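Here's the structure we're looking at; comments come further down.
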There are 2 protein chains.
Amino acid sequence: MAIPVETFHLAPRAQGTLQARIQQMVAQGILSGRFRRGEKLPSTRALARHLGVSRITVTLAYTELLANDYLTSRGRSGYYVSENAPASPRFEAPAPRVETVDWDSVLARRYAGGPAFDMGRPPDWASYRFPFIYGQTDPSLFDHANWRLCAMQALGTKNFNALTQDQFDADDPELVRFIAHHTLPRRGILARPDEILITMGAQNALWLAVQLLTVKRAVAVEDPCYPALRQLLAQAGSRVAPVAVDDHGLRPEAVPDETRVIFTTPSHQCPTSATLPLARREALLARAAALGAVVVEDDYEFEMAYLDAPAPALKSLDEDGRVIYVGSFSKSLFPGLRLGYLVGSPPFIREARALRASVLRHPPGHIQRTAAQFLSLGHYDALVRRIGRALAARRAVMEAAVARHGLEVAGKGAHGGSSLWMRAPDAVDTQALAFALRSQSVLIEPGSPFFAGPEVPRQFYRLGYSSIPSDRIAEGIARIAAAL
Amino acid sequence: MAIPVETFHLAPRAQGTLQARIQQMVAQGILSGRFRRGEKLPSTRALARHLGVSRITVTLAYTELLANDYLTSRGRSGYYVSENAPASPRFEAPAPRVETVDWDSVLARRYAGGPAFDMGRPPDWASYRFPFIYGQTDPSLFDHANWRLCAMQALGTKNFNALTQDQFDADDPELVRFIAHHTLPRRGILARPDEILITMGAQNALWLAVQLLTVKRAVAVEDPCYPALRQLLAQAGSRVAPVAVDDHGLRPEAVPDETRVIFTTPSHQCPTSATLPLARREALLARAAALGAVVVEDDYEFEMAYLDAPAPALKSLDEDGRVIYVGSFSKSLFPGLRLGYLVGSPPFIREARALRASVLRHPPGHIQRTAAQFLSLGHYDALVRRIGRALAARRAVMEAAVARHGLEVAGKGAHGGSSLWMRAPDAVDTQALAFALRSQSVLIEPGSPFFAGPEVPRQFYRLGYSSIPSDRIAEGIARIAAAL
């Protein structure tokens, strides 16, 4: 590989002759490991022209570097970093300087280092033998071949020219149409294109809803709930009222009077897996209407209903346009895809689109088009069925193993899903349990981060089965039972 | 295509017999155009099971629909939407309901419908013959074949398994390494991985910087400047002081005393194309240090330096870690890619990473890996050279045409770029000019949106040449001259 001439810059106002400065510049590139042994240097002519110095100056500098064994020359073909050069094994930029900027006062807002919630999923989770974690897909179930074909198609010249342009704040009409015609009707929802916004996954959809609806407002969330939602609300300065769920999910009458926004997971309560019954759904919509509040419905994992037809979404009962619906392809395709969607009344979607445009313009066109192809060719439905069969089989193994060891299931979801919500004996702290199990290559998710606090129950835990092969489940559960 | 059984939902608490409700549900699907002629319905057995009703009820409903010519039956193969069914030509969800929600009071923040700035680029700009617009790449210059190969490679099973997992807040290490080793050194910048964050394009990088640094703070921006930056600052509630630029860019001594953050485009001032001289760069850093301020350097379009080697970035002179650097691949690859990066001190990058994780987790892994492959195989450098040659040729044609018609160039950039900053006679309002030229298939960008106001000069305009073929430039300039 040749070292491009553009990487050479003479430091302004530096000491020394031009020749010495050029020598030093090349030597530092080699010493730092940035230029590697065998790499070709720019010709003396090219470097002289680039730096605006005479060619003889560069030639003299190179000659000196040859003599010191930093460079070798190969006849007429030019100058190369010597194989004997004192190179460090890999490039390291200079160590961070001592900070002279007072970042504590420069930063107007802080996001990092908030109260950490340990979801029991270390970055190297894939190296554990018994990963009862949640939310990662099993790559062995994915339809790589057809996804690649769809990606190729979306990169074909015709599609490509359309997708490479800046779309300002628009989405791929093919993806929006598929969601409107096929995905949403399965949830009982009929929506027009101006009621749909593509987002960077469900996380981005929730973030947009939180920014637009909740800043400094009174908000009701389920307790327990998805911890990242509470974090988003805290960042927005919302006044959060946790509303305890029971075995049937949220109790509408427990939503406080001053509530302006209600966040809920009616189909499959996160993390208890409870399904909100029809009567409560109607009561929740009536309660929201009476309060003048809106409802944000996170319909996560709805495709994973392999045991029984799921109830239609809460949004399907919404005649006022009061429900904002969050969907995602991350659970069923793959989390790294970052593709989800918001459905809501046009005034809300208009604002969400404008905010999204400020933050990031739009999700990449190529990814939207690839997903649209994969969906419309039926590969997605086939994938969902395949994942459903695998999860159904694993769930049967999970339930048998859990029953054999007498572990208590606190919630498992009527329709399917990919996790069991578990309750350990009251004296057990599942944070400590999760930590102890890691040394046995077992990962479980402690339940306490789902609760609002300040006093949180410590005995719950979640066992995900989307990433653990069936034949390891029994042994993994046995290890958990032994640790308990 | 078969209509999936999951799209059938009986409305709860509806009137009428079960059979009548099933008939109505099917008929409405057909009447709305959602079910198309020739599509196959679920079998009576499957639908009965899905709805939890007896099979005879479904059979009776289907029989009635057969009699009414909504459905046909094809022997044992099942029921289909009749070719004679009274279908509407395409699916339309119900028209938006009358809004019962008072969105004005529900929305805590507003983003849409702010002061619009017309950048002279209608959504259908590609259908204009003479599009002197800015910021879109010319797809005919792009290396589709190698981009596709890299995308395939990034979708190979080995890469794919790594990229489909949720990366939490991490970036693709291969892309970060390439930026650190190859891209940034060309700008004179040496940075470590913890000083680099991948963003969803430069827009996302600027948004993150604005959120972290400027909320309710005193900020200096160049006047004129990129209008979307002023919009982001207004959304953040920053106190913005516009600092007039001259032919050499920002004047450091004009930065007000209370300034906490300075936004600048030193290599290629947006939109005047001025280059900030070394003495001013040093003075700007000294001024920032004296104020305890930080500097955000937007190094947009730096690859488009085809005439002369660009000066190293301001960031290369920064020994305090006071400069935050914004780069992008959107100008040189394609805008729809949405890939850029922030470079800054670790405390800043840590916060930016945490905020990005809240908003969207991370840019899609597949796109990061595809770009990393394209860059590291040298395709990117080849592309930049090819674009540079095309822009150099077009620029020569532009300058000749502009000179022939006696149009005044107010700024053109010493290193290259993709636009000329133009000045019309003082009496001309270039908004009106741009509007009038559209009827002649000519697009130009009025200059007034770049200025801070309230009183803005109306006689400037920008002529981009990244999207107009060389052989149309002369005619397009002639039309502008005639209109003037």
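Since we're looking at a predicted model, the values are computed, not measured. Per chain, numbering begins at 1; letters A, B, ... match sequence-line order.
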Which region of [X], side chain (C-beta onward) or backbone (N, CA, C, O), has a non-hydrogen atom less than 4.5 Å from a non-hydrogen atom of chain A, or is it both or neither?
{"X": "B:T183", "answer": "neither"}
{"X": "B:L213", "answer": "both"}
{"X": "B:L317", "answer": "side chain"}
{"X": "B:A279", "answer": "both"}
{"X": "B:V294", "answer": "side chain"}

State whether the side chain of [X] and the backbone N or O of [Y] hold a donor-acceptor pair below 3.5 Å, judged by distance alone.
{"X": "A:H9", "Y": "B:R186", "answer": "yes"}
{"X": "B:R369", "Y": "B:D172", "answer": "no"}
{"X": "A:S238", "Y": "A:V219", "answer": "no"}

Under a 4.5 Å heavy-atom cutoff, which of [options] has the most pairs with chain B?
{"options": "A:R177, A:R281, A:E282, A:R49", "result": "A:E282"}
{"options": "A:K216, A:E6, A:Q203", "result": "A:Q203"}
{"options": "A:V359, A:V261, A:I367, A:N204", "result": "A:V359"}
{"options": "A:A289, A:G188, A:G378", "result": "A:G188"}

Let me know if [X] has heavy atoms under 4.5 Å from chain B in its side chain, its backbone, both or neither.
{"X": "A:A357", "value": "backbone"}
{"X": "A:S316", "value": "neither"}
{"X": "A:Q211", "value": "both"}
{"X": "A:R217", "value": "side chain"}

Write down the atom of [X], the atom of [Y], and the distance for their closest heavy-atom approach.
{"X": "A:R361", "Y": "B:A228", "value": "NH2-CB, 4.1 Å"}
{"X": "A:A180", "Y": "A:A191", "value": "CB-O, 3.6 Å"}
{"X": "A:G321", "Y": "B:V101", "value": "O-CG2, 3.9 Å"}

Would you mind telling me which of [options] has the largest number of heavy-atom pairs within less than 4.5 Å of chain A?
{"options": "B:L278, B:L333, B:L184", "value": "B:L278"}
{"options": "B:R260, B:R322, B:M152, B:M200", "value": "B:M152"}
{"options": "B:A202, B:A354, B:P312, B:S358", "value": "B:S358"}
{"options": "B:V106, B:D102, B:L232", "value": "B:V106"}

Which residues pass the side chain to side chain contact (heavy atoms under 4.5 Å, CB included) test with A:I349, not counting sequence neighbours? A:L197, A:L342, A:R353
Hey, could you give me the OG1/CG distance between B:T370 and B:L149, rounded to the nearest 0.5 Å? 11.0 Å
For B:F302, all residues meeting ring-ring contact (aromatic ring centres under 6.0 Å, His included), sequence neighbours excluded: none
Would A:D104 and A:R110 pass as an ion pair if we require N to O under 4.0 Å? yes
Kindly indicate, with the supporting measurements, whether the criterion side-chain contact (heavy atoms from CB on, under 4.5 Å) is fulfilled by A:W103 and B:E351. CA-CA 10 Å; A:W103 288 100; B:E351 290 294 328; over 6 Å; no
